[in-house]
Amino acid sequence: MKFIPSQLLYFFQDRRAQRNLHSLIRFILFLCFFIVVYSVLFHVLMEMEGQHYSWVTGFYWTLTVMSTLGFGDITFTSDLGKVFSLCVLMSGIVFLLVMLPFTFIQFFYAPFLEAQTKSRAARELPEETSDHLIIIGSDQVALSLASRVRQFNYKYCILANEVNHALDLVDQGYNAVVGESDNPHTFQLLRTDKAAMVVLLSDDMKNTNAAFTIREVAPDVPVVANADSEESVDILELAGSSHVFQFMDMLGENLARRTLGTGTRSNIIGNINTLNIAEAPVSDTLLVGRTVKDSGVRDATGMNIVGLWEQGRLVSARPDTVITSKMAMILAGSEDQLKAFDDFVGEAPSMEAPVLILGGGRVGQSAAKLLRERGVDYKIVEKNPNLIGDDGHYIHGSASDIDVLKAAGIDSAPSVFVTTHTDDLNIYLTIYCRRLRPDIQIISRATFDRNVTVLHKAGADLVMSYASMAANTIINLLSPGKVMTLTEGLNIFRVEVGRSLAGKTLMESNIRDETGCSIIAVSRGDDMEINPDPMLPLDKGASLLVIGAADDERRFLDKYQI
């Protein structure tokens with residue numbers, strides 16, 4: 001609402017504003033009563049002194065005296081008249097100079113400014129809105145999801161219960177609306193029946209209530225919900241949720257998949273149709289010190305090295321790039337090609353020492369569960385006695401205590417997971433573990449995206465963000481295969497070949513040099529060409545699977561996406 005009439009209409013519709021306005025009107029009427037009385041008394045006293053003035057002059061004198069202007073062109077000569085003038089002057093100071101401004105500000109101006117501010121927060125979406133994403137919740141997952149869908153040009157809105165919260169989101173550049181998530185009318189105003197998806201990211205109770213309420217308005221729209229507890233999964237599904245995820249558990253599992261010592265060189269960390277994305281640490285292999293061109297990977301497996309990941313930095317796999325022991329190769333290929341890679345570099349040495357998990361919360365427990373299923377031994381360091389199990393895998397104590405870490409096996413552990421829910425503590429423990437063991441693999445969790453770079457600088461080999469992982473999971477439901485996060489800051493995303501790339505070959509497009517991204521596959525209908533021939537032209541409408549760091553991804557989308 002940008003215009004004054006609309007803002008005034010919004011203001012007068014508010015009940016509190018109506019009460020304030022009535023109070024202001026009563027005060028003004030009270031003030032007018034005094035002005036009329038003073039004007040009448042002015043005439044009476046002037047008649048007593050033998051002076052004759054019109055009624056307009058009476059009101060004129062009263063207002064000039066009450067406002068302390070006091071022009072002095074009309075005066076009393078008697079003491080009674082002068083005393084009356086003093087009374088009018090003093091009451092004018094109280095009523096006009098003190099009470100009137102404060103009353104006007106309190107009962108009209110301040111509420112109007114507040115209403116004007118509140119009018120900036122939308123309460124409904126345009127009637128023609130459709131195929132949009134509705135996000136209920138405002139935590140880091142919700143904001144990360146909003147940023148990601150905006151990057152891919154999806155329409156969305158974040159539902160906030162409080163006006164001030166919605167305004168704060170608007171000031172940050174997000175599309176926010178105000179409403180109650182348990183009110184069917186709210187979802188009617190959000191055009192939920194025409195939405196592409198609704199995402200519930202509050203607590204389990206609010207998510208259940210919202211899902212049940214949404215089904216009254218939009219029985220067919222997909223509803224995705226996050227569940228904090230295992231017991232809430234079934235309840236959320238019964239309430240009407242189409243998909244229920246436990247993102248904390250998923251984060252722990254994703255961390256566990258990246259550990260060393262599982263017996264294979266290449267570790268599959270994701271797949272898109274028949275395309276498998278794998279990570280292969282270079283340490284203790286024959287590839288250390290070789291260039292990408294001389295590595296022999298292409299000849300032995302048919303795969304290309306699509307990227308080299310080195311402590312939070314994506315290194316382009318150019319022919320002359322030297323492969324170091326601190327790098328991890330990103331490979332894209334079929335299962336047979338990945339098996340051929342394992343045969344080429346030889347089986348990874350088995351790790352006798354257990355993997356170390358710092359933090360026994362939900363993330364740490366989920367990581368331990370997956371390691372147990374894979375037959376990998378582990379130790380969990382946890383200082384909360386209520387989270388200590390009795391299966392021999394727990395070490396009670398603080399992870400910042402060197403004696404506790406040594407008792408847990410820090411000196412021989414192949415990997416350490418830093419899984420506490422506080423980024424400050426994760427950074428602290430990452431620096432500590434890196435100083436104790438410069439050669440250990442450190443995999444850390446990040447709650448806030450802004451701390452990802454700091455964790456890499458602190459010494460983490462891999463960082464997984466809870467917010468980004470959850471956001472990308474939801475985007476893949478909204479548009480399957482659209483984006484996949486390999487590690488925080490390194491994504492695989494799908495785009496269609498537009499006018500700027502149609503008819504060009506990969507060699508001619510010069511995508512890698514201009515954006516830093518690499519094309520790992522081209523999809524034409526149901527057919528997918530993995531590691532495509534750089535000399536074949538791209539067809540308009542075909543899909544490209546692109547790998548790149550976060551900044552490279554933004555450059556690619558800005559340059560090529562239509």
Side-chain angles (χ1 to χ4, degrees), residues 255 257-269 277-301 303-333 337-338 340-351 355 412-418 430-431 433-444 452-464 485-492 512-513 516-518 520 531 547-552:
L255 292 175
R257 291 192 183 99
R258 315 303 286 272
T259 187
L260 299 173
T262 57
T264 59
R265 287 293 189 180
S266 60
N267 182 23
I268 296 177
I269 54 180
I277 310 300
E279 181 184 65
V282 179
S283 60
D284 298 323
T285 69
L286 51 82
L287 302 178
V288 176
R290 296 186 181 183
T291 63
V292 171
K293 180 180 180 181
D294 297 331
S295 65
V297 173
R298 176 75 178 182
D299 295 334
T301 66
M303 291 189 300
N304 289 323
I305 301 173
V306 297
L308 295 164
W309 190 246
E310 185 177 21
Q311 290 190 323
R313 185 172 62 94
L314 180 65
V315 180
S316 297
R318 302 180 185 278
D320 57 347
T321 300
V322 178
I323 303 172
T324 67
S325 60
K326 294 183 179 181
M327 291 180 173
M329 292 182 292
I330 306 299
L331 305 172
Q337 289 175 324
L338 292 175
F341 175 82
D342 290 341
D343 294 337
F344 173 64
V345 296
E347 184 175 329
S350 60
M351 298 293 181
V355 171
S412 57
S415 303
V416 58
F417 298 159
V418 184
T430 298
I431 295 174
C433 291
R434 181 57 70 198
R435 295 300 183 271
L436 292 175
R437 282 282 310 280
D439 60 329
I440 199 171
Q441 180 194 34
I442 300 178
I443 304 173
S444 182
V452 171
T453 302
V454 180
L455 280 163
H456 278 303
K457 291 180 179 179
D461 296 290
L462 295 170
V463 180
M464 297 295 291
T485 296
L486 302 180
T487 187
E488 189 58 37
L490 180 61
N491 299 318
I492 291 178
R512 177 177 290 182
D513 291 335
C517 295
S518 299
I520 60 176
N531 297 309
I547 184 172
D551 292 339
D552 298 335

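In this text, all values refer to a predicted model and were calculated from it rather than measured experimentally.
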Side chain proximity check, Met329 to Leu287, heavy atoms < 4.5 angstrom: yes
On a heavy-atom basis, the closest approach of Val282 and Ile323 is CG1-CG2, 3.3 Å
Closest approach of Ile431 to Ala458 (non-hydrogen atoms, all atoms of both residues): CG1-CB, 3.5 Å
Please report the shortest heavy-atom distance between Phe341 and Ala280, naming the atom on each side. CE2-CB, 3.6 Å
Per side-chain contact (heavy atoms from CB on, under 4.5 Å), Ser415 is matched among Val355, Leu255, Leu462 by Val355
Donor-acceptor contact present, side-chain Arg290 to main-chain Gly296, <3.5 Å: no
If you measure from CG on Asp299 to CG on Asp294, what distance do you get to the nearest 0.5 Å? 10.5 Å
I'd like to check Arg298 versus Val292 (side-chain heavy atoms, cut-off strictly below 4.5 Å). Are they in contact? no
Hey, does Arg434 have a side-chain heavy atom less than 4.5 Å from the side chain of Asp461? yes
List the atom of Ala340, the atom of Thr301, and the distance in Å for their closest heavy-atom pair. C-CG2, 3.8 Å
Any heavy-atom pair between the side chains of Leu308 and Ile330 that's under 4.5 Å? no
Looking at every heavy atom in both Thr430 and Ser444, which two are closest together, and how far apart are they? OG1-OG, 4.0 Å
Non-hydrogen atoms of Cys433 and Ile440 that approach each other most closely: O-CG2, 4.4 Å
CG (Asp552) and SG (Cys517) are apart, to the nearest 0.5 Å, by 5.0 Å
